[in-house]
Enquirer: 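Let me begin by handing over the structure; questions about it come next.
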Amino acid sequence: MTFALIDGNNFYVSCERVFNPQLEGIPVVVLSNNDGCVVARSGEVKALGVKMGVPWFQLKDLARKHGILALSSNYTLYADMSNRMMSVLGTYSPQQEIYSIDECFLGFDGLPAADLVTHGQRMRQQVKQWVGIPVCVGIAATKTLSKLANHCAKKGLAGADGVCDFGQMNAEELDTLFGRIEVGEVWGVGRRLTERLAALGITTARDLRDADARTIRDNFSVVLERTLLELRGISCMALEDVAPKKQQIMCLRSFGAYVHSLPELGEAVSGYMARAAEKLRRQQSLAGAVQVFIRTNPFNPKHPQYQRGITLPLPESTSDTLRLTRAALWGLKRLYKPGYAYQKAGVMLLNLSDARTPQGNLFAGHRENPALMQVMDRINQQWGRGTLKLAAEGVGQAWKMRRERMSPAYTTNWKELPRVN
DNA sequence: CTATAACTCTCAA
DNA sequence: CTAACGTTGAGAGTTATAG
C-alpha cells in the first residue's frame, strides 16, 4: 500500500495571493470568522513566531511593527479554489480521499516505486500552474506516515524539495529523521497527548514508533496504538474513496456584537437552522432530534457567565426547515435567561437517517411535502444564500459577524472581478 | 445486571 | 475610537438511565 498526502501551503493565504500578487513576499494572515483568530499564516508570519489560532487583537503591536496584513476569511473563494485543486489532483490517481479543504490522500499503488517522487513533482508543478496554489507531497506506506512525510516535505527535511517519499529512504535514515521530529507533529497526537507522552519519556516520532504497543494501548487508547502501528508501516486506516454521510450537522457562530434579547437570539438560531437544514437535505438525510445552545463569552471574566443547551427529540424525523426551526425556537425559549450578554449560539441536527428510506411512524398524521424546501434550496443556490428565508430569521441582524477586511469573491461573482483597463 | 443514551474529552483542519 | 478569542465533525471513554 502506498499513500500520497498532498497539502496546500498556507492554503488561505495562497488563495488570496493568487488574485493579489502584491501579497507575495509580505507577511499576511487570514482571520477566522468575526475577524477573531489567526487561521492561516504566510511563511513570513510563521517566521515571526506567530502561532496558529492566536487572537488577532493580541497581535496588534507585532503587526504594526512588521507590517502584517490581515484579511477576513473568504470561504466562498477558498472552497472554489479547493475544488479546482482537488480536480487536478484527482487526475493523478483513481483513488482520492478529500480529507479537508486543503488536503487529500491519493492511492499510489501500481506505480513504479522509483517514479513516485517524479510523479509528485509533476503534480506540484501542474497545480501551481493551473490553479496557482503551491503544494507539498508526502509519500509513504500508511496514511500517518504520508502525513509525516508531507511535514518533512514542507520543512525541507531529509533534503526534500516539496516532495518526500519515505519509500526512498533506508532504515537508518528514517531512524535519524524520526528522532528529530517532535512527537506532537505526528497525526493524532495533540497537545494533551504530547504532555502525557513526555511523562513517559516519549518525545519524538521515533520514541512513539518504538514504544511497546500494548503499553500504549493500556495507558492511552486503541487510537494511539493504531497511530504507533502506522508509524511502523502497518496500515490501519484505509483510503475512504466515498465520503460517508455526516452523522451530525451543526451550525454555530459567534456574534459580531453581544446579544441580549430573546427575539434577536431567535433570529440568529433561525438563520443557523436554515443553513444546517440545507446541509441536511443536500446529503439526503432526515433529523430525528435537534439541539440548541447559547452561551456568554467565557473570555470575558467581567460578565456573568451562562451556558446551556437542550436536546429535543422530534416526533417524526424531518428535513423541513419550518419544523426544525419551530423545535429550535421552542428549545431556545426554555434555555433563555434575561440579563446576560450572549456571545454565541448554535444548533445541531442529530439522529440522522436516510431520507430515501424513511422510517414509518404509526402516529404520524401527515407526510410533509418536500417541494417547498426543494424550491427554496434551488432559489438560494442560484441567487445566493439567504435570498429566500423564513421571516423568523429577521432582517436587521445587528449581531452579524464582523468581516472588515474581506477580499472580493473573485471566482464566484462577476461583479467583484477587478477591472483591467 | 446489561444495553443504550447522554455527556465529556481530545483531536484535526 | 473601543473592544476584541473560530467552526465543524468524528470517535473513544465515561457516566447516567432505562428496563
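From a predicted model like this one, the values you see are computed outputs, not experimental measurements. Chain identifiers are assigned alphabetically (A, B, ...) following the order of the sequence lines, protein sequences preceding nucleic acid strands; residue numbering begins at 1 within each chain.
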Enquirer: Under 4.0 Å from OP1 or OP2 of C/dG6: is there any side-chain N or O of A/Y75 that close?
Expert: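 False: A/Y75 side-chain N/O out of range (4.0 Å or more) of C/dG6 OP1/OP2.
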Enquirer: Does C/dT7 have its OP1 or OP2 closer than 4.0 Å to a side-chain nitrogen or oxygen of A/Q248?
Expert: no
Enquirer: Could you tell me how the ring of A/Y75 sits relative to the ring of A/Y78: parallel (under 30°), tilted (30 to 60°) or perpendicular (over 60°)?
Expert: perpendicular
Enquirer: Would you check if there is a donor-acceptor pair between the side chains of A/S42 and A/N10 at a distance under 3.5 Å?
Expert: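 Their side chains do not contain a donor-acceptor pair, so the 3.5 Å distance test is not met.
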Enquirer: Nearest to the side chain of A/Q247, which nucleotide is it out of C/dG11, B/dA13, B/dT10?
Expert: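 Selected nucleotide: C/dG11.
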Enquirer: When we call it a touch if two heavy atoms are under 4.0 Å apart, what does A/N297 touch: a base, just sugar-phosphate, or nothing?
Expert: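 Contact class for A/N297: sugar-phosphate only.
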Enquirer: Tell me: CZ of A/F299 to P of C/dC5, nearest whole Å?
Expert: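 A/F299 atom CZ is separated from C/dC5 atom P by 8 Å.
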Enquirer: A/T321 and side chain to side chain donor-acceptor pair (under 3.5 Å): which single residue from A/R281, A/R326, A/R275, A/E278 fits?
Expert: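 Answer to the side chain to side chain donor-acceptor pair (under 3.5 Å) test with A/T321 among A/R281, A/R326, A/R275, A/E278: A/R281.
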Enquirer: Going by the angle between their ring planes, with limits at 30° and 60°, are A/F255 and A/Y272 parallel, tilted or perpendicular?
Expert: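 The arrangement is parallel - the two ring planes meet at less than 30°.
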Enquirer: So what does A/V38 hit on the nucleic acid, given a heavy-atom distance under 4.0 Å: a base, only sugar-phosphate, or nothing?
Expert: nothing
Enquirer: Report the nucleotide, chosen from C/dG6, C/dC5, C/dA10, that has the shortest atom-to-atom distance to any side-chain atom of A/K246.
Expert: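 The answer is C/dA10.
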Enquirer: Roughly how many Å is it from CZ in A/F293 to C1' in C/dT8, rounded to a whole number?
Expert: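 Answer to the nearest Å: 11 Å.
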Enquirer: Please walk me through it: do A/T204 and A/D207 pass side-chain hydrogen bond (donor to acceptor under 3.5 Å, both in side chains)?
Expert: CA-CA 5 Å; A/T204 67; A/D207 293 338; 3.3 Å; yes
Enquirer: Quick one: A/R295 CZ to C/dT7 C1', roughly how many Å, whole number?
Expert: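 It is 11 Å, rounded to the nearest whole Å.
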Enquirer: Let's see if you can work this out: which of C/dG6, B/dA12, C/dC5 has an atom nearest to the side-chain heavy atoms of A/K147?
Expert: B/dA12
Enquirer: Whole angstroms only, please: what is the CD-C1' distance between A/E185 and B/dC11?
Expert: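 Taking atom C1' of B/dC11 as the reference, CD of A/E185 is at 14 Å.
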Enquirer: Give A/I101 one of three labels, base, sugar-phosphate or nothing, depending on what nucleic acid heavy atoms sit under 4.0 Å from its own.
Expert: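 No contact.
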Enquirer: If you measure from the Lys or Arg side-chain nitrogens to the Asp or Glu carboxylate oxygens, is any gap between A/E103 and A/K154 under 4.0 Å?
Expert: no
Enquirer: Considering all heavy atoms of both residues, which atom of A/A211 and which atom of A/R232 are nearest to each other, and what is their separation?
Expert: O-NH2, 2.6 Å
Enquirer: Tell me whether the side-chain N/O atoms of A/S100 come closer than 4.0 Å to OP1 or OP2 in B/dA12.
Expert: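 No, outside the criterion.
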Enquirer: Among C/dC5, B/dA12, C/dG9, find the nucleotide with the atom closest to the side chain of A/K279.
Expert: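 The listed nucleotide nearest to A/K279's side chain is C/dG9.
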Enquirer: Quick one: A/E240 CD to B/dA12 P, roughly how many Å, whole number?
Expert: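 A/E240 atom CD is separated from B/dA12 atom P by 18 Å.
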Enquirer: Can you tell me, in whole Å, how much space there is between the C1' of B/dA12 and that of C/dG6?
Expert: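 The same atom, C1', in both gives a distance of 14 Å.
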Enquirer: Whole angstrom is fine here: how far is it from OH in A/Y272 over to C1' in C/dT7?
Expert: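 Taking atom C1' of C/dT7 as the reference, OH of A/Y272 is at 11 Å.
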Enquirer: Verify the distance criterion only: is there a donor paired with an acceptor across the side chains of A/Q121 and A/R124 at less than 3.5 Å?
Expert: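 Yes, a side-chain donor-acceptor pair sits under 3.5 Å.
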Enquirer: Under 4.0 Å between a side-chain N/O of A/R191 and OP1 or OP2 of B/dA12, yes or no?
Expert: no
Enquirer: Please work out if A/W187 contacts a base, only the sugar-phosphate, or nothing of the nucleic acid, heavy-atom cut-off 4.0 Å.
Expert: sugar-phosphate
Enquirer: Considering every strand and a 4.0 Å limit on heavy-atom distances, what is the contact class for A/Y12: base, sugar-phosphate, or nothing?
Expert: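 Counting heavy atoms under 4.0 Å across all strands, no contact is made by A/Y12.
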Enquirer: For a quick check, with a 4.0 angstrom heavy-atom cut-off, what is the B/S/- contact string for nucleotides 12-19 of chain C, read 5' to 3'?
Expert: SS------
Enquirer: For A/G256 and A/N34, which heavy atoms make the closest approach, and how far apart are they?
Expert: CA-OD1, 3.4 Å
Enquirer: Send over the distance from A/M86 CE to B/dA13 P, rounded to a whole Å.
Expert: 13 Å
Enquirer: Is the distance from OP1 or OP2 of C/dA3 to the nearest side-chain N or O of A/K60 less than 4.0 Å?
Expert: no
Enquirer: Closest approach to the side chain of A/I249, judged atom by atom: which nucleotide of C/dG9, B/dA13, C/dC5 is it?
Expert: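 Among the listed nucleotides, the one closest to the side chain of A/I249 is C/dG9.
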Enquirer: Can you measure A/L280 atom CG to C/dG9 atom C1' for me and round it to whole angstrom units?
Expert: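 Rounding to the nearest Å, CG of A/L280 and C1' of C/dG9 are 15 Å apart.
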Enquirer: Closer to the 5' end of DNA chain C via nearest nucleotide, is it A/N300 or A/C251?
Expert: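 Nearer the 5' end of the strand: A/N300.
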Enquirer: Is there a Watson-Crick or G-U wobble partner for C/dA3 with both distances under 3.5 Å, and which nucleotide is it?
Expert: none
Enquirer: Counting any heavy atom closer than 4.0 Å, what does A/F11 reach on the DNA or RNA strands: base, sugar-phosphate only, or nothing?
Expert: nothing
Enquirer: Using the side-chain heavy atoms of A/R192, tell me which of these nucleotides is nearest: C/dA10, C/dT7, B/dT10.
Expert: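 Per side-chain heavy atoms of A/R192, the pick is B/dT10.
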